[in-house]
Novice: 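Following this message is one structure expressed as structure tokens.
Computed over heavy atoms, backbone and side chain alike; hydrogens, waters and symmetry mates excluded.
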Amino acid sequence: MSRICDLTGKTSMNGFNVSNSNAKTKRKFHPNLKLKKFFIPEEDKWITLKVSTSAIKTVNKNGISACISKFVKKGYI
């Protein structure tokens with residue numbers, strides 16, 4: 001299962017764990033992804049997307065149809 005948001009395209013980032021002695025070891029920062037079902041009223045069907053929680057907030061604010069069209073224009077989808 002890839003860790004990529006279906007709407008925004010967010011992926012994992014690289015970074016370091018830093019100990020008290022300032023020794024650095026590699027780690028990954030994963031996006032907070034959830035499987036979520038959305039209802040599209042124009043097409044009268046449900047779709048399941050793996051989206052980040054920030055994308056869920058955006059969909060709740062603007063609506064799924066507006067978000068999908070916005071993300072298609074920006075090139076994320």
Novice: Could you report the tightest heavy-atom contact between Arg3 and Pro31, atom names first, then the distance?
Specialist: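 Looking at all heavy atoms of both residues, the closest pair is O-CG, 3.9 Å.
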Novice: Minimum heavy-atom separation for Ser52 to Cys5, with atom names?
Specialist: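 For Ser52 and Cys5, the tightest heavy-atom pair comes out as N-SG, 3.3 Å.
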Novice: In this structure, would Leu7 and Ile4 fall into the same cluster of hydrophobic residues linked by side-chain contacts under 4.5 Å?
Specialist: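 Each belongs to a different hydrophobic cluster.
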Novice: Checking Lys26 now: which residues fulfil side-chain contact (heavy atoms from CB on, under 4.5 Å) with it, not counting sequence neighbours?
Specialist: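 Applying side-chain contact (heavy atoms from CB on, under 4.5 Å) to Lys26 gives Phe16.
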Novice: NZ/Lys36 to CG/Asn60 distance, rounded to the nearest 0.5 angstrom?
Specialist: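 CG of Asn60 is found 6.5 Å from NZ of Lys36.
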Novice: Determine yes or no for a side-chain-to-main-chain donor-acceptor pair under 3.5 angstrom, with Asp6 supplying the side chain and Val51 the backbone.
Specialist: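 It does not hold such a pair.
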Novice: Go through the side-chain N and O atoms of Lys70 and Thr58 and say whether any donor and acceptor fall under 3.5 Å apart.
Specialist: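 No pair is found: no donor N or O on one side chain lies under 3.5 Å from an acceptor on the other.
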Novice: So, for Cys67 and Val59, which heavy atoms are closest and what is the spacing to 0.1 Å?
Specialist: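 Of all heavy-atom pairs spanning Cys67 and Val59, the closest is SG-CA, 3.6 Å.
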Novice: Suppose we screen for salt bridge (Lys or Arg N to Asp or Glu O under 4.0 Å). Which residues come up paired with Lys28, at least two apart in sequence or across chains?
Specialist: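 Scan of Lys28 (salt bridge (Lys or Arg N to Asp or Glu O under 4.0 Å), adjacent residues dropped) gives none.
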Novice: Transitive ILVMFWY cluster of Trp46 at side-chain heavy atoms under 4.5 Å: who else is in it?
Specialist: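 Hydrophobic cluster check, Trp46: joined to Phe39.
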Novice: How far apart are the C-alpha atoms of Thr48 and Lys37, what are their side-chain angles, what is the distance that settles it, and do they pass the side chain to side chain contact (heavy atoms under 4.5 Å, CB included) test?
Specialist: CA-CA 4 Å; Thr48 302; Lys37 286 175 70 173; 3.3 Å; yes
Novice: Can you name the side-chain contact (heavy atoms from CB on, under 4.5 Å) partners of Asn22, sequence neighbours left out?
Specialist: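 With neighbours one apart ignored, the set is Val18, Lys24.
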Novice: Could I get the full list of side-chain contact (heavy atoms from CB on, under 4.5 Å) partners for Ser65, not counting sequence neighbours?
Specialist: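 For Ser65 the side-chain contact (heavy atoms from CB on, under 4.5 Å) partners, ignoring immediate neighbours, are Ile40, Glu42.
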Novice: Clusters formed by hydrophobic residues whose side-chain heavy atoms approach within less than 4.5 Å: which one holds Leu33, and what are its other members?
Specialist: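 Its cluster partners, ordered by chain and number, are none at all.
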